[in-house]
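For reference, the structure discussed in these notes is given below.
No hydrogens, no waters, no symmetry mates; every other heavy atom, side chains included, goes into these values.
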Amino acid sequence: MFPLIFVASYWQFFIAFHFKGDLGKNSSESVKSVKGLNILILAIFFGLSCTAQQKKFVTVKRALSLMGSSFEITVVASDEEIGFINIEEGIAEVRRIESLISSWDMESQTSEINKNAGVRPVKVDYELFKLIERAIQISELTSGMFDISVAAMDEVWDFDGSMTSFPIPEKIEEGVSKVGYKKIVLNSTDHSVFLSEKGMKIGFGAIGKGFAADKVKELLVSKQVPGGMINAAGDITTWGTKATGEKWLIGVDNPNRDSRYFTWLPLVESSVSISGIYEKYITFRGKKYSHYINPITGYPASGIKKVTVFSKSAELCDALATAIYIMGKEDGLQLINQLGGIEVIIVDNFNRIVNSDGLILKTAE
């Protein structure tokens, strides 16, 4: 700052000296001129000093496995050390969420709910209670195509590669009888959850990673992290901008070309979820069956190759992407076109691309 102040003072002295001879002739006009130039010069130098003091940001990124999936946390920070500290805080938040919602962790509150299905209500943290409440609201919105109680079908279908034949119809029917979001009883007074029938089970595989991404974003924003992107295995949320000041972009790949993007879309304080058959599937007699189970029929959904949903909330994107995959192309588009602030791109099994009314797709160069 000292050299700038010195230069500014020099120019003020020069102007005063230059106009000294004119002050006697028309002192009022001269004084106004000097003052005007002084203000202009001070403004210029103030701008230069602010520019000189602007922070230069860096991008820090880390990829790892969390919640049984691939996570990538990217933050914008003033230096790498602070960036990595922010990322560690984000990782700790994901692990906290996992300990709350994991149905594989026998000590979690979710497991406690499942163990007491048909027995008694279980009091849970307010955070988990509200997540279940929102999940039920999405079930209502999607006519039951999204349903956290479809986790009961885990006893019927297995997508780890161990299945060698289709389940018999009787087993599928038995599994479906234990599914139904309307059988989940919530008590808002004591924040308890009760699965009304034995054998029922809830799971957050179709909403949990989006929920975790939103929670990490919320945490890091509260710590004044200026920008970042959380990618929870295709459930992505962003805030701020890149270190360069550019917008975060998501590439929509071209199903008719390998390793080529059909278009790029900006994510401005927004989220996206990508669901597709490439994630988990089983193959019988040369046909692929997705791990997205229709809660009504008990069978894997078919007809769609990929669904990409855009909205402010990663949690909502995650849940709706699953629902649309199960609903099908026509019903899925009809639903999204009735909702505000949510858009979708659907690729069917014939590689045909359709999108909701609010999206204008421009082909990438």
Side-chain angles (χ1 to χ4, degrees), residues 61-76 86-103 108-110 124-139 141-142 146 148 191 202-242 247-250 265-275 279 307-324 336 339-344:
K61 182 188 299 185
R62 185 176 172 190
L64 70 164
S65 179
L66 293 167
M67 300 179 72
S69 302
S70 59
F71 264 70
E72 188 173 85
I73 301 177
T74 304
V75 298
V76 174
N86 294 149
I87 288 174
E88 286 299 324
E89 290 173 326
I91 292 170
E93 179 68 353
V94 175
R95 288 178 173 149
R96 184 188 71 81
I97 295 298
E98 183 176 21
S99 68
L100 189 67
I101 70 173
S102 173
S103 57
S108 74
Q109 292 182 10
T110 300
V124 299
D125 289 357
Y126 178 76
E127 190 174 24
L128 178 58
F129 183 87
K130 297 303 287 186
L131 174 62
I132 296 172
E133 188 176 66
R134 291 193 300 274
I136 291 174
Q137 290 169 352
I138 297 171
S139 295
L141 180 68
T142 60
F146 172 83
I148 58 174
H191 299 143
I202 60 171
F204 299 98
I207 195 173
K209 289 188 292 293
F211 172 60
D214 281 340
K215 294 299 289 186
V216 172
K217 173 181 174 178
E218 181 184 325
L219 173 69
L220 296 182
V221 168
S222 74
K223 293 181 176 292
Q224 284 78 53
V225 177
M229 174 185 284
I230 313 299
N231 184 348
D235 298 317
I236 301 167
T237 191
T238 68
W239 72 99
T241 64
K242 298 178 182 179
K247 297 175 182 177
W248 301 102
L249 297 174
I250 178 73
L265 294 172
L267 289 180
V268 181
E269 305 293 331
S270 190
S271 305
V272 61
S273 180
I274 305 167
S275 296
E279 296 173 332
V307 177
T308 305
V309 177
F310 301 84
S311 82
K312 290 293 183 183
S313 161
E315 175 189 302
L316 183 58
C317 286
D318 193 4
L320 287 179
T322 297
I324 292 166
I336 296 302
L339 302 176
I342 304 172
E343 305 294 342
V344 67

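Under the rule for a salt bridge (Lys or Arg N to Asp or Glu O under 4.0 Å), the partners of Lys130 that lie at least two apart in sequence or sit in another chain are Glu133. Residues passing the side chain to side chain contact (heavy atoms under 4.5 Å, CB included) test with Ser270 are Leu267, sequence neighbours excluded. Take Phe71 and apply the ring-ring contact (aromatic ring centres under 6.0 Å, His included) test, not counting sequence neighbours, and it matches no residue. Looking at residues two or more places apart in sequence or on another chain, you find a side chain to side chain contact (heavy atoms under 4.5 Å, CB included) between Glu343 and Phe310, Ser356, Leu359. Applying the salt bridge (Lys or Arg N to Asp or Glu O under 4.0 Å) criterion to Glu72, with sequence neighbours excluded, gives no partner residue. Applying the side-chain hydrogen bond (donor to acceptor under 3.5 Å, both in side chains) test to Lys242 and every residue at least two apart in sequence or in another chain returns nothing. Residues that satisfy the side chain to side chain contact (heavy atoms under 4.5 Å, CB included) test with Glu98, not counting sequence neighbours, are Met67, Ser102. Residues that satisfy the side-chain hydrogen bond (donor to acceptor under 3.5 Å, both in side chains) test with Thr241, not counting sequence neighbours, are absent from this structure. Not counting sequence neighbours, Arg95 has no partner by the side-chain hydrogen bond (donor to acceptor under 3.5 Å, both in side chains) test. In this view, Gln137 satisfies the side-chain hydrogen bond (donor to acceptor under 3.5 Å, both in side chains) rule with no residue, not counting sequence neighbours.
Scanning all heavy atoms of the two residues, the minimum distance from Ser271 to Thr237 falls at OG-OG1, 2.8 Å. Residue Ala314 comes nearest to Asp214 through the heavy atom pair N-OD1, 3.0 Å, listed as atom of the first residue, atom of the second, then distance. When all heavy atoms are compared, the tightest approach of Gly68 to Ser65 is C-OG, 4.4 Å. The nearest pair of heavy atoms linking Phe204 to Ile101 is CD1-O, 3.4 Å. In plain terms, the two heavy atoms of Leu339 and Ile342 that are nearest each other are CD1-CD1, 3.9 Å. Of all non-hydrogen atoms in Val76 and Val225, the two that sit nearest each other are O-CG1, 3.6 Å.
The distance from the CD1 atom of Ile202 to the CD1 atom of Ile132 is 4.0 Å, given to the nearest 0.5 Å. Atoms OG1 and CG, from Thr74 and Asn86 in turn, are 12.0 Å apart once rounded to the nearest 0.5 Å. Separation of atoms CD (Glu93) and NZ (Lys217) is listed at 14.5 Å; rounding is to 0.5 Å.
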Item to complete: Would you sort out whether Ile250 and Thr238 count as a side-chain contact (heavy atoms from CB on, under 4.5 Å), showing the intermediate values?
Response: CA-CA 10 Å; Ile250 178 73; Thr238 68; over 6 Å; no
Worksheet entry | Worked check of side-chain contact (heavy atoms from CB on, under 4.5 Å) between Phe211 and Glu127 | CA-CA 11 Å; Phe211 172 60; Glu127 190 174 24; 4.0 Å; yes
Worksheet item: For Glu88 and Arg62, what are the C-alpha separation, side-chain angles and deciding distance, and is it a side-chain contact (heavy atoms from CB on, under 4.5 Å)?
Response: CA-CA 9 Å; Glu88 286 299 324; Arg62 185 176 172 190; 2.4 Å; yes
Practice prompt. Evaluate the criterion side-chain contact (heavy atoms from CB on, under 4.5 Å) for residue pair Ile207 and Leu131; output intermediate values, then yes/no.
Written response: CA-CA 9 Å; Ile207 195 173; Leu131 174 62; 4.2 Å; yes
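For the pair Ser311 (side chain) and Gly341 (backbone), a donor-acceptor distance under 3.5 Å is absent. Listed for the Ser139 side chain is a donor-acceptor partner under 3.5 Å among the backbone atoms of Phe146. Not a single donor-acceptor pair under 3.5 Å links the side chain of Gln109 to the backbone N or O of Leu128.
Residue pairs satisfying the salt bridge (Lys or Arg N to Asp or Glu O under 4.0 Å) criterion with at least one member in residues 309-323, sequence neighbours excluded, are listed as follows: Arg134-Glu315. Judged as a salt bridge (Lys or Arg N to Asp or Glu O under 4.0 Å), the pairs with a partner in residues 220-240 (not counting sequence neighbours) are, in order, Glu89-Lys223.
A heavy-atom distance below 4.5 Å is found between the side chains of Leu320 and Ile336.
Looking at Ile236, Ile274, Val272 one by one, the single match for side chain to side chain contact (heavy atoms under 4.5 Å, CB included) with Asn231 turns out to be Ile236.
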